[in-house]
Amino acid sequence: MTTVLRTNLSEYKVTQALLDGRISSDIVKLDFCGPTPAHNGFKAMVRENKFDAGELAIVTFLQAKAYGKPYVLLPAPISGRFQHHCAGFNIDFGHLDPKDIEGREVGVRTYTQTTALWIRGILRHEYGVDLDKVIWRTLGDGHLAEYSDPSNCVRLPAGSSIPDMMMKGELAAALLGEDMPKDDRVRTLVPDAHNAAKKWFEREGVVPVNHFFVVHADVSKNNPDVVREIYRMLIAGRQQAEGGVPAIFPPIGLEANRKGIQLAIDWALDQKIIPRRLSVDELFDDITGSLG
């Protein structure tokens with residue numbers, strides 16, 4: 001009998017072979033019924049249990065675990081990258097060093113966005129920025145209904161464009177990731193971001209994860225073979241990735257990701273994103289923690 005799982009998953013190099021059917025299974029069928037892009041389904045996943053499996057941002061997952069939501073992590077990153085380049089500003093309004101954003105307004109889609117966690121942590125721990133002194137201008141709330149943003153977060157008017165506001169000087173800087181304007185006037189807040197990321201990796205050995213694959217706890221409890229099969233499929237997806245797995249990409253496996261997950265936990269607690277310290281091991285159950 002084949003188990004069918006409602007699955008929320010975007011197309012990346014490492015998931016393309018699952019989505020196009022090159023990788024399949026006799027015991028589990030992944031019903032790719034989530035929205036495009038998958039992050040538009042994260043809120044429904046943690047608030048409504050709308051999906052049985054799929055990708056989830058690491059920050060959303062940490063909050064979900066802290067607030068008792070029934071999902072468990074597989075040690076299988078779906079997306080990740082260096083984040084040093086993800087904070088920018090418009091040089092037309094003057095040069096900014098990282099600490100210059102203290103006391104000023106910085107745009108970010110949501111305070112709990114995973115890219116924002118990583119770049120804020122870099123700004124704080126590498127460049128001494130006091131994050132509590134920054135006014136974070138946000139477009140929306142986070143994925144967890146139980147969570148409220150810190151007091152130094154202020155909502156932007158509906159319909160606002162953070163990239164446009166940054167380019168007009170209405171925001172001192174913005175945390176944008178892939179939405180950073182392709183404009184010669186844009187500079188990274190982290191000086192020489194590319195080399196800074198390279199040196200950070202040489203020291204820390206961590207490629208920050210954006211999204212992991214997760215399953216509903218009941219799936220793991222009642223169908224452990226299905227979870228093992230999904231993990232096999234995810235590994236096969238990496239092996240069949242067109243052009244290979246990106247050179248800068250998080251590894252597979254719990255121990256290989258332990259340091260990166262611990263860093264995400266530490267920074268999420270430090271940035272008032274989770275209400276208590278979590279351990280790496282409690283994010284997994286007996287089945288998912290033993291994979292690989």
Side-chain angles (χ1 to χ4, degrees), residues 39-40 42-43 45-47 56-69 71 83-89 96-163 165-166 170-177 179-180 188-190 208-212 260-280 282-283:
H39 68 72
N40 288 338
F42 291 173
K43 187 176 287 187
M45 191 176 209
V46 296
R47 294 191 184 198
L56 198 60
I58 183 60
V59 169
T60 302
F61 180 80
L62 293 177
Q63 288 192 307
K65 180 59 67 174
Y67 292 115
K69 306 302 176 181
Y71 289 93
Q83 311 281 351
H84 288 66
H85 66 286
C86 294
F89 65 94
L96 289 180
D97 288 318
K99 280 185 71 67
D100 293 336
I101 64 171
E102 294 178 4
R104 304 179 77 169
E105 297 189 352
V106 176
V108 60
R109 179 164 53 84
T110 66
Y111 181 75
T112 57
Q113 184 182 0
T114 296
T115 291
L117 168 94
W118 288 120
I119 185 61
R120 279 195 307 260
I122 290 161
L123 292 171
R124 168 164 159 63
H125 296 284
E126 298 291 298
Y127 299 94
V129 177
D130 187 338
L131 302 176
D132 293 336
K133 292 182 178 178
V134 180
I135 302 162
W136 303 103
R137 300 301 307 271
T138 62
L139 288 174
D141 58 356
H143 296 129
L144 275 292
E146 294 87 343
Y147 177 77
S148 296
D149 289 343
S151 59
N152 58 324
C153 292
V154 181
R155 194 63 50 85
L156 288 163
S160 297
S161 166
I162 289 175
M165 293 181 71
M166 183 189 81
E170 295 168 357
L171 294 168
L175 313 183
L176 286 170
D179 296 324
M180 193 70 71
T188 58
L189 192 58
V190 170
V209 176
N210 282 66
H211 301 170
F212 274 94
I261 296 171
Q262 185 65 62
L263 195 59
I265 291 170
D266 292 344
W267 287 5
L269 187 68
D270 183 57
Q271 295 176 33
K272 307 178 181 68
I273 287 172
I274 52 175
R276 66 176 178 88
R277 180 171 296 283
L278 300 164
S279 72
V280 172
E282 74 178 283
L283 309 182

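This is a predicted model, so every value here is computed, not measured.
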Checklist entry - Side chain of Trp118, backbone of Val209: donor and acceptor closer than 3.5 Å? => result yes
Item to check | Exam field: side chain Glu102 to backbone Lys133, donor-acceptor pair closer than 3.5 Å | outcome: no
Next on the checklist: Measuring from atom CD of Glu170 to atom OG of Ser161, what distance do you get when rounded to the nearest 0.5 angstrom?
Outcome noted: 9.5 Å
Next on the checklist: Using the rule given for side chain to side chain contact (heavy atoms under 4.5 Å, CB included), can you reason through Leu123 versus Val134, listing the C-alpha separation, both sets of side-chain angles and the distance that settles it, and then say yes or no?
Outcome noted: CA-CA 11 Å; Leu123 292 171; Val134 180; over 6 Å; no
Checklist entry - Within the distance-only criterion (no hydrogens, no angle test), does the side chain of Gln271 pair as donor or acceptor with the backbone N or O of Leu117 below 3.5 angstrom? => result yes
Item to check | Heavy-atom side-chain proximity of Tyr127 to Asp97 below 4.5 angstrom | outcome: no
Checklist entry - If we only count heavy atoms from C-beta on, is the Val46 to Tyr67 side-chain gap below 4.5 Å? => result no
Checklist outcome for this item: The reported gap from NE2 in His143 to CD in Gln113 (rounded to nearest 0.5 angstrom) is 9.0 Å
Checklist outcome for this item: Between Leu171 and Gly107, the two heavy atoms sitting closest are CD1-CA, 3.8 Å
Item to check | Side-chain heavy-atom pair Met45, Thr60 within 4.5 angstrom cut-off | outcome: no
Checklist entry - Do Arg276 and Leu278 have side chains that get closer than 4.5 Å, going by heavy atoms? => result yes
Checklist outcome for this item: CG (Asp141) and NZ (Lys43) are apart, to the nearest 0.5 Å, by 4.0 Å
Checklist outcome for this item: Rounded to the nearest 0.5 angstrom, the OH-CG distance for Tyr71 and Leu56 is 8.5 Å
Item to check | side chain to side chain contact (heavy atoms under 4.5 Å, CB included) assessment of Leu176 paired with Arg109 | outcome: CA-CA 8 Å; Leu176 286 170; Arg109 179 164 53 84; over 6 Å; no
Checklist entry - Taking side chain as C-beta onward, heavy atoms only, is Ile162 less than 4.5 Å from Arg137? => result no
Checklist entry - Listed by chain and number, what are the side chain to side chain contact (heavy atoms under 4.5 Å, CB included) partners of Thr138, not counting sequence neighbours? => result Val108, Tyr111, Asp149, Arg155
Next on the checklist: Would you call the rings of His125 and Trp267 parallel, tilted or perpendicular, taking 30° and 60° as the class edges?
Outcome noted: parallel
Item to check | 4.5 Å side-chain heavy-atom contact, Leu62 and Ile265 | outcome: yes
Next on the checklist: Please report the interatomic distance CD1(Ile274) to CG(Leu144), rounded to the nearest 0.5 Å.
Outcome noted: 11.5 Å
Next on the checklist: Working to the nearest 0.5 angstrom, can you tell me the gap between Trp136 CH2 and Leu175 CG?
Outcome noted: 5.0 Å
Checklist entry - Do Phe42 and His211 make the cut of ring centroids closer than 6.0 angstrom? => result yes
Item to check | Sub-4.5 Å side-chain heavy-atom contact between Tyr147 and Ile273 | outcome: yes
Item to check | Under 3.5 Å: donor-acceptor pair, side chain of Asp100, backbone of Ala172 | outcome: no
Checklist entry - Do Leu156 and Met165 have side chains that get closer than 4.5 Å, going by heavy atoms? => result yes
